[in-house]
K.L.:
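Take this structure, written in structure tokens, and hold onto it; I'll ask about it next.
Keep in mind that this is a model prediction, so the values were computed, not measured. Residue numbers run from 1 in the order of the sequence given. Note that these values count all heavy atoms, side chains included, but never hydrogens, waters or copies made by symmetry.
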Amino acid sequence: QVQLVESGGGLVQPGGSLRLSCAASGSILSINAMGWYRQPPGKQRELVATITSGGSTNYADSVKGRFSISRDNAKKTVYLQMNSLKPEDTAVYYCNAKRVLTRETMHLEVWGQGTQVTVSS
């Protein structure tokens, strides 16, 4: 069984920074893409950023230049460094992993349970 566990959320003032982490556990052999999505209050879940096993990244236009995604393949962990945070960044942030190969099977997509990020003065 594969699990994604997020950490690092919380309350921060506008202009501040937070760093989210997401660690994958289980009998994992490889993970293709990992990423972060978010769901603002009353809105649908949206893409924030993704990163492939080779390090190629993709960002939502709303976070380009402010957020940075990275991963440590050996630790099976993905990070999201969020700078210059705005109130509109307030959301539940979810970790996502695509094409997770384990000794038993291939999981096409796995989600974490989410971590709350609130940007407010």
K.L.:
Is there a chain of hydrophobic side chains (I, L, V, M, F, W, Y, each step under 4.5 Å between heavy atoms) that links Y37 to L85?
P.N.:
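Not linked; separate clusters.
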
K.L.:
Mind jotting down which residue pairs meet the disulfide (SG to SG under 2.5 Å) criterion with at least one end in residues 31-91? Sequence neighbours excluded, please.
P.N.:
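The answer is none; no pair qualifies.
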
K.L.:
About how many Å separate CG of L80 and CZ of R71, when rounded to the nearest 0.5 Å?
P.N.:
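Rounded to the nearest 0.5 Å, the CZ-CG separation comes to 14.0 Å.
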
K.L.:
Under 4.5 Å between side-chain heavy atoms, chaining through other members, with only Ile, Leu, Val, Met, Phe, Trp and Tyr counted: pull out the rest of the cluster around Y79, sorted by chain and number.
P.N.:
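In the cluster with Y79 there is nothing else; it is isolated.
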
K.L.:
Under the salt bridge (Lys or Arg N to Asp or Glu O under 4.0 Å) definition, can you give me all pairs with a residue in residues 106-121, not counting sequence neighbours?
P.N.:
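Found K98-E109.
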
K.L.:
Taking a hydrophobic cluster as the set of Ile, Leu, Val, Met, Phe, Trp and Tyr residues connected by side-chain heavy atoms closer than 4.5 Å, whether directly or through intermediates, do V48 and V117 fall within one such cluster?
P.N.:
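Yes, because V48 and V117 connect within a single hydrophobic cluster, where side-chain heavy atoms sit under 4.5 Å apart.
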
K.L.:
Tell me whether L47 is reachable from M34 by hopping between hydrophobic residues (I, L, V, M, F, W, Y) whose side-chain heavy atoms are closer than 4.5 Å.
P.N.:
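Result: no, two separate clusters.
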
K.L.:
Please check if the number of heavy atoms outside E88 that lie under 6.0 Å from its CD is greater than 12.
P.N.:
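Enclosed: over 12 neighbouring heavy atoms sit under 6.0 Å from CD of E88.
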
K.L.:
Consider only side-chain heavy atoms of I, L, V, M, F, W and Y, link residues closer than 4.5 Å, and tell whether I31 and V2 are in one cluster.
P.N.:
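Yes; tracing contacts between hydrophobic side chains, which count when under 4.5 Å, links both residues.
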
K.L.:
Using the side chain to side chain donor-acceptor pair (under 3.5 Å) criterion, which residues pair with E104? Sequence neighbours excluded.
P.N.:
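E104 satisfies side chain to side chain donor-acceptor pair (under 3.5 Å) with S27, T102 once adjacent residues are dropped.
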
K.L.:
Grab the two heavy atoms, one from M82 and one from Y93, that are nearest each other, plus how far apart they are.
P.N.:
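Taking M82 first and Y93 second, the nearest heavy atoms are SD-CE2, 3.9 Å.
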
K.L.:
Without placing hydrogens or testing angles, list every side-chain donor-acceptor pair under 3.5 Å for residues 50-67, not counting sequence neighbours.
P.N.:
| from | atom 1 | to | atom 2 | distance (Å) |
| --- | --- | --- | --- | --- |
| T52 | OG1 | G54 | N | 3.3 |
| T52 | OG1 | G55 | N | 3.3 |
| T52 | OG1 | S56 | N | 3.1 |
| Y59 | OH | I69 | N | 2.9 |
| D61 | OD1 | K64 | NZ | 3.1 |
| S62 | OG | R38 | NH2 | 3.4 |
| R66 | NH1 | S84 | O | 3.0 |
| R66 | NH1 | D89 | OD2 | 2.7 |
| R66 | NH2 | S62 | O | 2.9 |
| R66 | NH2 | D89 | OD1 | 3.0 |
| R66 | NH2 | D89 | OD2 | 3.4 |

K.L.:
How far does CG of N32 sit from CE of M106, to the nearest 0.5 angstrom?
P.N.:
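Those atoms lie 8.0 Å apart.
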
K.L.:
Atom CG of N73 and atom NZ of K75: how far apart are they, to the nearest 0.5 Å?
P.N.:
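Rounded to the nearest 0.5 Å, the CG-NZ separation comes to 12.0 Å.
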
K.L.:
Quick one: side chain to side chain donor-acceptor pair (under 3.5 Å) pairs with a partner in residues 111-121, sequence neighbours left out?
P.N.:
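Only Q116-T118 qualify under side chain to side chain donor-acceptor pair (under 3.5 Å).
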
K.L.:
Less than 3.5 Å apart, which donor and acceptor atoms pair up between the side chains of residues 16-25 and the rest of the protein, not counting sequence neighbours?
P.N.:
| from | atom 1 | to | atom 2 | distance (Å) |
| --- | --- | --- | --- | --- |
| S17 | OG | N83 | OD1 | 2.9 |

K.L.:
From the options L29, V110, L4, T105, select the one residue that forms a side-chain contact (heavy atoms from CB on, under 4.5 Å) with V100.
P.N.:
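Going through the options one by one, the only one that passes is V110.
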
